Amino acid sequence: MKTFYVTTPIYYANGEPHAGHAYTTIAADALARYHRIKGNEVFFLTGVDEHGANIDKTAETEGLSPQAFCDKLAPIFTKLWERLNISNDIFLRTTSELHKRGIKKFLTALYESGDVYKAPYEGYYCRPCERFFPEKELADDKICPIHKLPLEWVKEENYFFRLSKYQDRLIQHYNENPDFVYPESRRNELLNVLESGLEDTSISRSSVSWGIPLPFDPEHIAYVWIDALPNYITALGYDADSERYHKFWPADVHMMAKEITRFHALLWPAMLMAANLPLPKQIVAHGWLTKDGEALSKTRGIFIDMDGDIGTYGVDAFRYYLLREFSFGNDGDYRPARLHARYNADLANDLGNLLNRVLGLVNKNFDEIPVPTTPDDIDEEIKGMAQTTVDQLDAQMETLAFDTALETIWEFVRRVNRYIQQTEVWTLTKPETKPRMGTILYNSLEALRFISVLVSPFIPDTAEKIQKQIGLTEFDTVAEWGRLPAALKVSKGEPIFPRVDLKKEKAPKSDAVKPKQKSDKKTTDLISFADFQKLDLQVGNVISAEPIEGADRLLKLQVDLGTEKRQVVAGIAEHYKPDILIGKQVIVVVNLEPATIRNVESQGMILAASGDSVVLATPETEVPLGTKVR
RNA sequence: GCCGGUGUAGCUCAGUGGUAGAGCGCACGACUCAUAAUCGUGUGGUCCGGAGUUCGACUCUCCGCACCGGUACCA
């Protein structure tokens, strides 16, 4: 028996899961379920990554200890996975003892490889900021750009992993395993990165407290990614050298969204090489979801209403839509209108109605599933198509082409509808034609059983419902023609996908949208009024604006402050056309030390609201140039 | 800016150096077993624009435009 180990990332648990997480997890689930029905022994991992400064910070704003915060969040993930019918074998938390033991062992192995070294990190350190400032960011006076306080020269010991050493071996691995990173576009990107050179990476943080101490130096905490990536082996029982670990590692597929491929496809394999462990077989990156053409955004309130859509159409429709309409490597645009269309056309009309009409005919004409006694050419054709459908499906799943895989199954669904149409079964009620009717209905039911098997990785609930309605008591996972026993009692048949009317759907809309308020956020990084007063902010007028050669985001502005003119570089080119800016009043940080960006001197900065979009801060009504802002 | 990708019917996408394809949508017809379902027929495209190679290009080359991704700049 073949084994198959598939993972999702362990999601960073500093907020609630969203549709992007759901997409990755559903895709991985479909893959896992597919391999199960193929008879492979599958292990499917998902989980949460619970350490690091960000979680610490978020917990603090909620007034919780980091552990309490994680304990609160983890069940939100597991509940969603239950709702989405995710068949994971483990839900790994990095705060679990299993993981901590494994990490300890792994980091020890890494350390013993000789590729971890302690290096003094020295530089200008700002106590209030708790960070170092690279020399190139500082002017001659060496004061903190934020606090305007003198910086200390501090030496800190830090652990580094000799990532650079693995550059060549990684390139070689990529070349020898063309499918190591999929899709190819990602692979090429990473090869570019590899060829331009890797730098050693810091693997510890001494300023962070929420995490796992390095086993060889407990004063230092493992950097989150160093803590997180090995979860794929710790979850298998790497710590105890368990049987499961040996059975399933190396993983067959690490599935993830595209933004984290770097860590998985460079750092993780290098770490494994250092620890002398086998590499995962494939790193798979899918695209992002947008909603009606817009990027998802918490601040702008653009999100996918999973809850609402699942409520309206059901989990399987949601899964079906994501897997059917989005082609893997690319970004996918989530559109409720498309979900609706898919639901009615593919699920309700094609599949749901097929089941219903066949069951109706059986019930009306037979007491139980009839025995096929009068074979015909057309029956053979159906049987043949069942087999070719399986073959095509196998090929498509090999490349994770869920969309075409489902299309292939649906071609068969439509063929069965046509079979019924062509044979006009419903007319064959006379005694002499009744056996033929029985044969056709048997074949139709068997086709439905067959379809239910093929469809089960994608829409598992539906698959079960179909078999149950056909009269099978135990789910049959084998896609071989002719396994359906005759003489079963068929159920009356409730529509498995009742049509959804757009009108009805409108009702529960009003209360759905409201984005959640971030409540009583405690601010910890307070500055004194004196600190604030150090800022010299003035109103200026943009008198010219032009793009900077070789920079997509930068504009060179001349700003008139009344008493003087300043040249300022601003990173707003993506949001403002130069001509629009001219004549606009802006707020300028006047006493900012000058800097040279892209060979252009910038004597200050202009203020803008900067989130998903960038909007200039400007006085509400026009004021004299040089007016102080405070 | 540099590197890579994409641009084909209203929508989602296949596709090939030789007269353009599927599903959905839409129109018409058939059927009435079924969830106003199904089946058939049809509608619909300057295959991003321009130039070139070729007997012939949507398919190859070059230039350009748009969008996407990676990377640099973001005071």
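Values reported hereafter were calculated over all heavy atoms of this structure, with side chains retained and with hydrogens, waters and symmetry mates removed. By convention in this document, chain letters (A, B, ...) are assigned in the order of the sequence lines, proteins followed by strands, and residues within each chain are numbered from 1. Everything numeric in this text was worked out from a predicted model, so none of it was measured.
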Assign the ring pair W268(A) / H254(A) to parallel, tilted or perpendicular, where the plane angle (0 to 90°) is split at 30° and 60°.
->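 Tilted.
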Carboxylate-amine/guanidinium contact [X] [Y], below 4.0 Å:
X: E381(A); Y: R415(A); result: yes
X: E184(A); Y: R187(A); result: no
X: E407(A); Y: R414(A); result: yes

Which nucleotide, in any strand shown, forms a Watson-Crick or G-U wobble pair with [N], with both distances under 3.5 Å?
N: G1(B); value: U71(B)
N: A37(B); value: none
N: U6(B); value: A66(B)
N: G42(B); value: C26(B)
N: C47(B); value: none

To the nearest Å, how far apart are [X] [atom1] and [N] [atom2]?
X: L194(A); N: G70(B); atom1: CG; atom2: P; answer: 17 Å
X: E325(A); N: A22(B); atom1: CD; atom2: P; answer: 18 Å
X: F326(A); N: G23(B); atom1: CZ; atom2: P; answer: 21 Å
X: L406(A); N: G23(B); atom1: CG; atom2: C1'; answer: 13 Å
X: R342(A); N: G23(B); atom1: CZ; atom2: C1'; answer: 7 Å
X: R338(A); N: G23(B); atom1: CZ; atom2: C1'; answer: 9 Å
X: I597(A); N: C73(B); atom1: CD1; atom2: P; answer: 11 Å
X: D346(A); N: G25(B); atom1: CG; atom2: C1'; answer: 13 Å

Taking the side chain of R553(A) as heavy atoms from C-beta outward, which of C11(B), G69(B), C73(B) is closest to it?
->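 Per side-chain heavy atoms of R553(A), the pick is C73(B).
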Rounded to whole angstrom, note down the [atom1] distance from [N] over to [M].
N: G64(B); M: G45(B); atom1: C1'; answer: 23 Å
N: G18(B); M: A57(B); atom1: C1'; answer: 9 Å
N: A14(B); M: C3(B); atom1: P; answer: 26 Å
N: C11(B); M: U19(B); atom1: P; answer: 26 Å
N: C60(B); M: G44(B); atom1: P; answer: 28 Å
N: U61(B); M: G23(B); atom1: P; answer: 32 Å
N: A22(B); M: U8(B); atom1: C1'; answer: 13 Å
N: A9(B); M: G70(B); atom1: C1'; answer: 33 Å

Nucleotide-resolved protein contact map, nucleotides 33-42 of chain B, B/S/- at heavy-atom distance under 4.0 Å | BBB-SBSS--
Is the F402(A)-F326(A) ring centre distance short of 6.0 angstrom?
->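 Between F326(A) and F402(A), which both carry aromatic rings, the centre distance is not below 6.0 Å.
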Do Y313(A) and F497(A) make the cut of ring centroids closer than 6.0 angstrom?
->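 No, the ring centres sit 6.0 Å or more apart.
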Sort out for me which residue in V413(A), L406(A), T389(A) forms a side chain to side chain contact (heavy atoms under 4.5 Å, CB included) with L454(A).
->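 Answer after filtering V413(A), L406(A), T389(A): T389(A).
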Checking only heavy atoms, does the side chain of R598(A) share a donor-acceptor pair with the base of C73(B) at less than 3.5 Å?
->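 For R598(A), whose side chain was compared with the base of C73(B), there is no donor-acceptor pair (under 3.5 Å).
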Would you sort out whether D376(A) and R436(A) count as a salt bridge (Lys or Arg N to Asp or Glu O under 4.0 Å), showing the intermediate values?
-> CA-CA 9 Å; D376(A) 198 348; R436(A) 180 63 194 141; 3.8 Å; yes
Just checking S185(A): base, sugar-phosphate only, or nothing, at a heavy-atom cut-off of under 4.0 Å?
->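 Contact class for S185(A): none.
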Base, sugar-phosphate alone, or nothing: which one does V589(A) contact when heavy atoms must sit under 4.0 Å apart?
->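 No contact.
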Given U12(B), is OP1 or OP2 found less than 4.0 Å from the side-chain N or O atoms of R335(A)?
->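 Answer is yes, contact under 4.0 Å.
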Compare side-chain N and O positions of R262(A) against OP1 and OP2 of U71(B) and report whether any pair is under 4.0 Å apart.
->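 Affirmative; the distance criterion is met.
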Under the 6.0 Å and 45° cation-pi test, does K434(A) pair with F366(A)?
->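 Geometry flag: set, cation within 6.0 Å and 45°.
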